[in-house]
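Computation of the quantities below employed the complete heavy-atom set of this structure, encompassing side-chain atoms and omitting hydrogens, waters and symmetry-equivalent molecules. Reminder, nothing fancy here: chain letters follow the sequence lines and each chain counts from 1.
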Protein chains: 4
Amino acid sequence: MAPVFSSGPAAGGPRSLSKILDAARDVLSAQGYPALTIEAVAAAAGVGKSTIYRWWPSKEALVADALAEIFRAEEIPDLGDTHAELRHAVDMTIDNYANEDMATSLPALAGGLLPHPELMTRFREAFLYRKRENIAAALRRGIQRGDLPHDLDIDLVQDIWAGTILYRRLMTGAPLGTDLAEHLVQLVTDTPPLLPTKKQECAQ
Amino acid sequence: MAPVFSSGPAAGGPRSLSKILDAARDVLSAQGYPALTIEAVAAAAGVGKSTIYRWWPSKEALVADALAEIFRAEEIPDLGDTHAELRHAVDMTIDNYANEDMATSLPALAGGLLPHPELMTRFREAFLYRKRENIAAALRRGIQRGDLPHDLDIDLVQDIWAGTILYRRLMTGAPLGTDLAEHLVQLVTDTPPLLPTKKQECAQ
Amino acid sequence: MAPVFSSGPAAGGPRSLSKILDAARDVLSAQGYPALTIEAVAAAAGVGKSTIYRWWPSKEALVADALAEIFRAEEIPDLGDTHAELRHAVDMTIDNYANEDMATSLPALAGGLLPHPELMTRFREAFLYRKRENIAAALRRGIQRGDLPHDLDIDLVQDIWAGTILYRRLMTGAPLGTDLAEHLVQLVTDTPPLLPTKKQECAQ
Amino acid sequence: MAPVFSSGPAAGGPRSLSKILDAARDVLSAQGYPALTIEAVAAAAGVGKSTIYRWWPSKEALVADALAEIFRAEEIPDLGDTHAELRHAVDMTIDNYANEDMATSLPALAGGLLPHPELMTRFREAFLYRKRENIAAALRRGIQRGDLPHDLDIDLVQDIWAGTILYRRLMTGAPLGTDLAEHLVQLVTDTPPLLPTKKQECAQ
DNA sequence: TAGTAACCGAGACGGTACGTCAAGTCTTGCA
DNA sequence: TGCAAGACTTGACGTACCGTCTCGGTTACTA
């Protein structure tokens with residue numbers, strides 16, 4: 001996966017790029033997000049500061065690329081079993097946020113990027129849309145099978161899932177066990193008309 | 001409300017305390033979280049830096065107290081109407097996160113406090129438990145009225161509500177309209193057995 | 001002597017001022033002018049960089065103050081002997097430039113200050129006028145005694161003296177022995193009308 | 001005139017050599033000595049940095065060569081008139097130092113080269129000896145004509161001339177008018193025994 | 001006329017120092 | 001004598017150049 005935030009020429013890119021991303025993750029894990037300074041990453045990567053600044057405009061962009069590399073966003077395999085597929089989707093999301101670096105860095109990152117719409121767009125590209133599309137595919141399969149209501153609000157489902165998981169991880173500190181995963185899946189699968197239709201939403 | 005993070009002697013505290021909190025909020029609104037420096041607050045409050053350091057151990061603690069003052073956590077009045085009360089609860093939560101300062105600062109704050117359990121506890125005190133207790137009371141009234149399942153997982157409901165709202169505000173940027181509020185309420189009120197019981201969760 | 005280039009409040013000033021000037025001279029002697037970096041001085045003085053920047057606007061100003069402290073500019077005592085007094089004056093000048101730091105730093109400094117008239121004025125204040133006034137007094141005593149032509153161009157004499165000495169030190173590398181001193185004195189004392197009158201000069 | 005400081009193979013040299021020297025002078029005139037960086041010269045010359053480093057070991061060497069090309073050191077024509085010839089010599093020296101680049105760069109250069117005897121030698125070669133020999137020839141003609149004392153210290157005369165001019169240009173800022181030129185010439189021509197003999201000096 | 005080697009442009013690289021800023025601590029002077 | 005002002009050390013910021021280096025590409029000389 002090519003770096004999303006690097007401002008470098010096209011892609012493939014310079015020889016020290018991956019060395020730097022590795023170092024960034026190392027520092028992140030060892031010292032935490034606030035201690036992640038460009039100088040620390042440069043030192044850990046055995047690289048000059050300017051080499052980092054040549055390829056990333058800011059600490060935020062660098063961390064975003066470093067996290068993007070460990071962010072799971074793969075396709076949900078078609079198992080023929082809607083419940084199992086959704087459970088897979090939720091587990092993947094939990095996996096992403098169970099990682100300490102991800103949990104503490106992502107919100108800080110997002111907060112820092114909010115005032116920079118252009119970067120925020122790239123951020124959503126890297127951390128939301130790719131994963132969401134795959135999960136949406138699984139949800140659509142469930143609808144086609146008749147297991148889910150045909151007018152399910154797919155985006156809202158995902159906001160609820162990811163939001164609840166991240167909130168627990170970050171704010172309440174409540175456990176992210178199998179229980180939670182199951183509950184989140186059942187929120188969608190158990191009963192009609194669990195979640196409102198898109199039409200209703202649009203009629204707002 | 002006495003400052004939660006101030007390390008000062010008992011409470012009541014010195015005459016410049018509220019002046020400082022006001023200044024902190026002013027700077028936050030005017031310049032945003034990254035520009036909120038102790039020096040800027042000191043200057044805005046017409047106070048020496050050391051005066052701030054006397055009462056708060058860090059910028060995080062100061063911001064936390066400043067935000068806590070504008071964080072809505074009042075009691076939900078007993079309206080005799082479960083749906084209306086829950087809607088009130090959700091609206092209050094949306095209100096809290098609609099505020100730009102709150103949305104960008106809270107996650108950064110929480111992320112920064114995660115490695116400091118002691119401060120994290122105080123943080124949850126100020127921003128979660130007070131509000132949650134009031135909402136929990138409303139939910140319990142709904143259960144007693146028979147409008148909600150008797151084994152509703154009250155904490156999970158609140159995680160879902162707050163998580164979804166914060167996630168939309170911070171990550172996806174999706175709107176926090178009346179539609180969302182209504183959906184979140186219906187998630188609880190519409191159907192048995194919408195949300196699993198606590199027992200199930202504990203049996204995890 | 002209060003620092004001339006320090007931009008600090010009045011004088012007397014902060015507790016680390018002289019520590020810094022001492023360190024600057026140490027670095028100058030040990031490593032030379034090009035190696036004199038603010039960071040090196042800060043390290044040698046056991047002081048933060050910003051402490052230096054608080055009091056001096058630039059490396060040039062700092063070096064100027066450091067050199068000013070070792071620059072001899074005392075009064076020429078009235079010996080009743082014109083030749084001896086002038087010899088004293090020339091010896092003092094040679095003394096100033098015999099110092100390696102002074103010889104290599106002063107011209108570089110002056111070159112660097114040429115484009116900044118305001119600083120150049122302060123520079124001349126510190127390194128020329130104080131010394132020149134004392135020497136001028138000696139020359140005027142010589143004129144009153146009848147030992148020197150009454151229309152001697154006092155400024156030109158001093159330009160010749162200092163210029164020749166500095167040029168030898170910096171460019172040709174020729175020795176600054178007693179011979180040179182004596183020659184420079186004799187240039188003025190030996191014969192009428194050795195040096196032109198001021199009137200002639202003004203008539204230019 | 002072949003570059004004195006270039007470390008290139010023999011001479012004649014590569015096609016971009018003069019383009020680089022021209023660019024160096026341009027930058028020097030436009031931005032001044034401190035702003036003359038290798039990168040700036042490379043950019044101005046439309047040349048890669050390494051091309052400059054291939055031919056000159058340092059910025060100092062490059063500037064020295066650039067200045068050497070505009071340094072006047074031609075022969076003094078035999079006019080049969082000692083006073084006129086010396087005046088020619090002094091005017092030539094004034095010309096050299098009246099140039100702003102020369103005045104500010106030469107002292108800085110010389111100061112920087114002082115600790116490097118090998119480079120200092122080459123520097124004197126380029127900026128002193130060539131010119132001095134021509135002026136010395138004029139002085140010797142004056143001695144042969146009987147216009148100047150037979151034991152005139154030729155080196156001292158030149159130190160006085162160049163030193164005074166450079167000192168005025170660099171330090172005092174006093175004007176370098178025709179008056180000064182005339183005074184400097186008269187210093188030598190007016191009276192015996194204006195300047196001491198070499199023998200006396202050597203007996204020091 | 002082609003092959004080859006020196007020379008060149010471009011610019012990435014590991015570094016050093018810049019001058020600025022804010023953090024958090026320590027000192028001083030006033031009330 | 002206790003607090004406000006602010007000088008202090010520290011350390012990261014992001015920038016500018018340093019001098020080294022690897023890349024292709026282009027001259028221009030040899031074979």
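- Nearest-nucleotide positions on DNA chain F place T37(A) closer to the 5' end than the other of A35(D) and T37(A).
- L17(C) places its CG atom 13 Å from the C1' atom of dC8(F), with the value rounded to the nearest Å.
- If you take CE on M120(C) and CG on L109(C), they are separated by 9.5 Å, rounding to the nearest 0.5 Å.
- At a threshold of 4.0 angstrom between heavy atoms, the contacts of K19(A) are confined to the sugar-phosphate backbone, with no base atom among them.
- For K59(A) and dC21(E), the NZ to C1' distance is 15 Å, given to the nearest whole Å.
- The interatomic distance linking I52(D) (CD1) with dG11(E) (C1') rounds to 14 Å, in whole Å.
- Distance from the side chain of V47(A) is smallest for dG14(E) among the nucleotides dA22(E), dG14(E), dC13(E).
- Between W55(A) and dC13(E) there is a side-chain N or O to OP1 or OP2 distance below 4.0 Å.
- When distances are taken from the side chain of Y53(B) to each of dA23(E), dC13(F), dA17(E), the shortest belongs to dA23(E).
- Looking at the side chain of R54(C), the nearest of the listed nucleotides dG9(E), dC13(F), dC8(F) is dC8(F).
- When heavy atoms are screened at a 4.0 angstrom cut-off, S50(D) is found touching base atoms of the nucleic acid.
- Panel note: side chain S16(A), backbone K19(A); no donor-acceptor pair is recorded below 3.5 Å.
- Residue-to-nucleotide proximity on DNA chain F shows that, of T51(B) and S58(A), the 5′-proximal contact is made by T51(B).
- Taking both residues in full, the closest heavy atoms of L67(C) and S105(C) are given as CD1-CB, 3.6 Å, listed atom of the first, atom of the second, then distance.
- Comparing G48(A) and L36(C) by the nucleotide of DNA chain E that holds the closest heavy atom to each, the one mapping nearer the 5' end is G48(A).
- Under the side-chain contact (heavy atoms from CB on, under 4.5 Å) rule, W56(D) has a single partner from L17(D), I38(D), V63(D), T51(D), which is L17(D).
- Here the P atom of nucleotide dT10(F) and the CD1 atom of I38(C) are 17 Å apart, to the nearest Å.
- Protein atom OH of Y33(D) is 15 Å distant from nucleotide atom P of dC17(F), rounded to whole Å.
- If you measure from atom CD of E39(C) to atom C1' of dT15(F), you get 13 Å, rounded to the nearest angstrom.
- Scanning all heavy atoms of the two residues, the minimum distance from F127(A) to A68(A) falls at CZ-N, 3.4 Å.
- Comparing dA12(E), dG14(E), dA23(E) against the side chain of K49(D) picks out dA12(E) as the nearest.
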